[in-house]
Number of protein chains: 4
Amino acid sequence: MTASPERRRELLGTAAEVFAEQGYNATTVRKIADHAGMLAGSLYYHFDSKESMLEEILRTFLDELWDGYDTVLDAELGPRETLEALVTESFREIDRHRAAVAIYQKESKQLAPQERFAFLAESQRRFEKAWLSTLERGVAAEAFRADLDIRLTYRFVRDTVWVAASWYRPGGQHSPEEIARQYLSMVLDGIAVRP
Amino acid sequence: MTASPERRRELLGTAAEVFAEQGYNATTVRKIADHAGMLAGSLYYHFDSKESMLEEILRTFLDELWDGYDTVLDAELGPRETLEALVTESFREIDRHRAAVAIYQKESKQLAPQERFAFLAESQRRFEKAWLSTLERGVAAEAFRADLDIRLTYRFVRDTVWVAASWYRPGGQHSPEEIARQYLSMVLDGIAVRP
Amino acid sequence: MTASPERRRELLGTAAEVFAEQGYNATTVRKIADHAGMLAGSLYYHFDSKESMLEEILRTFLDELWDGYDTVLDAELGPRETLEALVTESFREIDRHRAAVAIYQKESKQLAPQERFAFLAESQRRFEKAWLSTLERGVAAEAFRADLDIRLTYRFVRDTVWVAASWYRPGGQHSPEEIARQYLSMVLDGIAVRP
Amino acid sequence: MTASPERRRELLGTAAEVFAEQGYNATTVRKIADHAGMLAGSLYYHFDSKESMLEEILRTFLDELWDGYDTVLDAELGPRETLEALVTESFREIDRHRAAVAIYQKESKQLAPQERFAFLAESQRRFEKAWLSTLERGVAAEAFRADLDIRLTYRFVRDTVWVAASWYRPGGQHSPEEIARQYLSMVLDGIAVRP
DNA sequence: TATGAATGAGGGTTCATTCAT
DNA sequence: TATGAATGAACCCTCATTCAT
């Protein structure tokens, strides 16, 4: 007798893969069922709807993400160390939840306005606050440059990290920590040779 | 008296807005027609299919993009100047074809394998070649750092620039050239204060 | 200044060809217009509707057919001579109105019940009456065999003649009269060698 | 408990009736569904498309037809007996597959050029070969008249038989064998009284 | 738990037809 | 006379969802 939560997680994993690869709208319930070796109707024993699968995938991912982020933020490190830790944590999440991250990247903009996905907008707000305050602290502490538009910088760092989910494949030649190190090196010191 | 190519362009502009905002799959032909103030069937007087609209939008954008890129590449500037020119040109294209760029970002991965959209894959190959060779020239000329994985650097620069289309709004407070300047400053010199 | 009836006849000829080749339902107004070197809408200057074109084609054909038939029937020949004359006249009409005959064969069953095409049903009734009475006269006069079901014979002769329109091409190696002669020979004397 | 192939056959039977009565193009999927007591969309659980229903109807018919024909042809009877057997078999098939035969008669010409319906053209070729060789054998054996154009004779016999599907109603007063007997009598010996 | 069959809403597309120019 | 553009109804088909078994 298979425990229900076990099966749910399996099925959600399958669904996430397909959503990530084909896009949420282009993914039919039947495709998910095919990948899971069952018929489309059977999924409705486990889930209320296609949308509820999407919700659970994103919620699970964001919960874990914020676990990691909160740990970092609660440590009250210096701005540069905080930035390094957040970026590293982000790449770890990409490693662990590649599919969910890819879905999030592609769909969150359309989803966020919907009541059901209000948690996405909420997460975005917290995210922005955490990053902006870190950057501001860094500028104040003269760790980060003061001559840049801080919102532009925020977007730059944010996008820079998360878009990686679109090409990242777990188990490749670079570990998430290694990728994080190189990204940080580029973001912090630039790609130009210092004069 | 609206000449035919004129009307096509108008309608394609409308379609591109809707595609960009709602996603290609989620956009119904009826929505496009609504935005254009006509009935769904009427669009088929001007276009063969929804997909052909998408194709024309992307093709037009890529043609103009490569006009700009080729001008830069043919100038045979030094690697750093080439990089700066390419990035600046990219932001100009984002400014001119915001909707098309956003569509391209979101859909090209699913589209490229299809025969009809082979030009996307082809463009991606040329794009990668242009950037990689510029970066390699820069490393050889000691303009760019030699200690970074060059493919990682390529992805970093590429994504960093184009994702901007997802938040950029033409007519905002920063001109494309101004944004390019700040992005280049971050990419080349980093956001950390020099020691 | 092209006389209107002239142009009508031209256009109806074109339409008949296309109807015959592709079937009435499968023929779009645009296809007809293409064949005529004009745009679909322009046909509506000449005709009220696609259906009115069909009607005029069939009416014209049947009018001419009955001209010929009535001439034969009014001559009050013997039954065998009447049959020969009717068959010959039929092949002449096939020669002259190949397209119309083909359309008639394929569509009349669906059309006849419609009020607009009541003339088809009426023609069929007259047709049947003419043939049945000829056959009956022939049986009475011991010109035709008495051991056959007369309605079956009627259908046999009728179909035998008109289906030829599906393969007949005007200008081929056999004249309509020659084909009529051979058909009559088969119908009257059979294909078996006489003992 | 309706097994799936059972249901398919039922639905195909319904579809065939409607196709035969209204013509393939004029038949909407809704009409078929109405006749079957379900909604249009539900048909797509059983079949890929309207066209695939048509294909299966025609294929099933032709397969059975050739079963019968091949049995006749393999028996290597004399030419006259072969002709009699083929005609009788044809009327039996008309009796069993009236709708399919009617569809075949009306649509095969438009369908045959399509790749999907290549089996129609193939069947026509085999059909023609079987009939022509039978007729030629008959002429050589002095069973059939030598003074007739053999292709004309072929068309005459072929059409004569199959058009019957357009008026034949199973369960009428004549059995298929009886109709075959009378048709054969007309075709072989003619309708005229022997001198 | 899963299947098989169906629902019903909607989506892309076609096409006869209209009408101002 | 003919064009160009649009209408609106209908069509084939897809798909999330339901439900008896």
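Letters go in sequence order (proteins before strands), and every chain restarts at 1.
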Distances for protein N or O near nucleotides 11-14 of chain F N or O, under 3.5 Å:
{"unit_1": "dC12(F)", "atom_1": "OP1", "unit_2": "T27(D)", "atom_2": "O", "d": "3.3"}
{"unit_1": "dC12(F)", "atom_1": "OP1", "unit_2": "K50(D)", "atom_2": "NZ", "d": "3.1"}
{"unit_1": "dC12(F)", "atom_1": "OP2", "unit_2": "V29(D)", "atom_2": "N", "d": "2.9"}
{"unit_1": "dC13(F)", "atom_1": "OP2", "unit_2": "Y44(D)", "atom_2": "OH", "d": "2.3"}
{"unit_1": "dC13(F)", "atom_1": "OP2", "unit_2": "K50(D)", "atom_2": "N", "d": "2.8"}
{"unit_1": "dC13(F)", "atom_1": "O5'", "unit_2": "Y44(D)", "atom_2": "OH", "d": "3.2"}

* **Sub-4.5 Å side-chain heavy-atom contact between Y24(D) and N25(C)** => no
* Asked: Picking from dT7(F), dT3(E), dA6(E), which would you name as closest to the side chain of L39(B)?
  -> dT7(F)
* Please give, in whole Å, the distance from dG11(E) P to F19(B) CZ? -> 14 Å
* To do: Determine the sole option in L62(D), I57(D), L65(D) for which the side-chain contact (heavy atoms from CB on, under 4.5 Å) test with Y104(D) is passed.
  => L62(D)
* M53(A) CE to dC15(F) C1': how many Å, rounded? -> 15 Å
* Asked: Would you call E10(A)-R7(A) a salt bridge at under 4.0 Å N-O?
  -> yes
* By a strict heavy-atom criterion of less than 4.0 Å, which residues belonging to residues 105-114 of chain C are in contact with DNA chain F? -> none
* Between R96(C) and E93(C), is there a side-chain N and carboxylate O pair less than 4.0 Å apart? -> yes
* Asked: Do you know the tightest heavy-atom contact between M53(C) and A15(C)?
  -> CE-CB, 3.6 Å
* Structure fact -> All heavy atoms of F117(D) vs all of L111(D), minimum pair found to be CB-O, 3.5 Å
* Output yes when a side-chain donor or acceptor of K106(B) lies under 3.5 Å from a complementary backbone atom of S166(B), and no otherwise. => no
* Residue R30(A) excluded, over 12 heavy atoms near CZ under 6.0 Å -> no
* To do: Nearest whole angstrom, please: distance from the P of dA5(E) to the CG of L43(D).
  => 13 Å
* When the distance from CE of M38(B) to P of dG8(F) is rounded to whole Å, what number comes out? -> 12 Å
* Asked: Below 4.0 angstrom from OP1 or OP2 of dA6(E), is there any side-chain N or O of H46(D)?
  -> yes
* Asked: Are H35(C) and E17(C) linked by a side-chain donor-acceptor pair shorter than 3.5 Å?
  -> no
* Asked: In dot-bracket notation, what is the pairing pattern of DNA chain F, taking Watson-Crick (N1-N3 plus N6-O4 or O6-N4) and G-U wobble (N1-O2 and O6-N3) contacts under 3.5 Å, with [ ] crossing and | for other strands?
  -> .||||||||||||||||||||
* Between dG4(F) and R8(B), is there an OP1 or OP2 to side-chain N/O distance shorter than 4.0 Å? -> no
* Whole-Å gap separating C1' (dT1(F)) and CZ (R7(C)) -> 9 Å
* Give a yes or no on whether the backbone of A26(D) and the side-chain of K31(D) come within a donor-acceptor separation of less than 3.5 Å. => yes
* Expressed in angstrom and rounded to an integer, what is the separation of D34(B) atom CG from dG8(F) atom P? -> 13 Å
* To do: Taking only the side-chain nitrogens and oxygens of Y45(D), find out if one of them lies under 4.0 Å from OP1 or OP2 of dA5(E).
  => yes
* So does E21(C) have more than 12 non-hydrogen atoms from other groups sitting under 6.0 Å from CD? -> no
